Amino acid sequence: PLGSAALTASYDDQGPHIYLSETNGVSYRYYGIAVGKGRQGIKTELERLKLGNLSCREALKIVCKCLIKQRDDTSNKKFEIELAWISDETNKQFVRVPKELAKESEDEAKKEIEQEDEDSDDMES
């Protein structure tokens with residue numbers, strides 16, 4: 001059970017690719033994948049999406065939303081989302097998402113979650 005998982009991202013003539021190399025040495029290709037604490041919930045959310053049909057910009061908010069939903073609200077630990085991408089927009093280079101775009105995506109995700117919570121509260125009333 002002890003070990004590590006490695007994510008490898010690349011971009012070639014056929015487009016973007018992301019691979020997960022598991023502790024047993026097996027590698028799988030994904031459109032979106034999560035590792036670490038809370039990975040199963042995020043993985044389930046990502047599997048429901050049609051990530052192959054979204055632009056990187058469209059996916060940013062969705063990824064933020066998944067991460068925020070999986071956060072342990074009882075934890076006092078600092079919560080910070082760091083985003084990076086590979087796209088035509090980045091000249092096919094792996095780079096951090098610009099801070100202002102990352103903040104905008106995170107803020108939009110939080111608003112959507114709050115709206116969903118309000119809607120579910122209204123339904124329960």
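If you're wondering where the values come from, they're calculated on a predicted model, not measured in any experiment. Atom set for the values below is all heavy atoms of this structure, side chains included, hydrogens, waters and symmetry mates excluded.
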Quiz item: More than 12 foreign heavy atoms under 6.0 Å from CG of Asn24: is that the case here?
Solution: yes
Quiz item: Between OG of Ser87 and NZ of Lys92, what distance do you get to the nearest 0.5 Å?
Solution: 10.5 Å
Exercise. Answer yes when Lys110 and Glu114 have at least one side-chain N-carboxylate O distance shorter than 4.0 Å, and no when they do not.
Key: no
Please output the side-chain donor-acceptor pairs of residues 59-71 that fall under 3.5 Å, not counting sequence neighbours, one pair per line with the distance.
residue, atom, partner, partner atom, Å
Lys61, NZ, Glu112, OE2, 2.6
Lys65, NZ, Glu112, OE1, 3.0
Lys65, NZ, Glu116, OE2, 2.5
Lys69, NZ, Glu116, OE1, 3.4

Quiz item: So do the side chains of Asp12 and His17 get within less than 4.5 Å of each other, counting heavy atoms only?
Solution: yes
Exercise. First locate atom CZ of Phe94, then atom CD1 of Ile86, and finally report the distance between them rounded to the nearest 0.5 Å.
Key: 6.5 Å
Identify every side-chain donor-acceptor pair in residues 95-104 under 3.5 Å, counting partners at least two apart or on other chains, and give the distances.
residue, atom, partner, partner atom, Å
Arg96, NH1, Glu82, OE1, 3.4
Lys103, NZ, Asp107, OD1, 3.0
Lys103, NZ, Asp107, OD2, 3.1

Quiz prompt | Reported OH-to-CD1 distance for the pair Tyr11 and Ile18, which is rounded to 0.5 angstrom | solution = 14.0 Å
Practice problem: Answer with yes or no whether the hydrophobic clustering places Ile81 together with Trp85; edges join I, L, V, M, F, W, Y residues whose side-chain heavy atoms lie under 4.5 Å apart. | Solution: yes
Quiz item: Does one hydrophobic cluster hold both Leu54 and Ile33, with members joined at side-chain heavy-atom distances below 4.5 Å?
Solution: no
Quiz item: What's the verdict on side-chain contact (heavy atoms from CB on, under 4.5 Å) for Tyr19 and Leu7, showing C-alpha distance, side-chain angles and the deciding distance?
Solution: CA-CA 6 Å; Tyr19 297 89; Leu7 293 173; over 6 Å; no
Self-check item: CG-CD distance between Asp117 and Gln115, expressed to the nearest 0.5 angstrom
Solution: 9.5 Å
Donor-acceptor contacts under 3.5 Å from residues 43-51 side chains, at least two apart:
residue, atom, partner, partner atom, Å
Thr44, OG1, Gln40, O, 2.9
Glu45, OE2, Arg48, NH1, 3.1

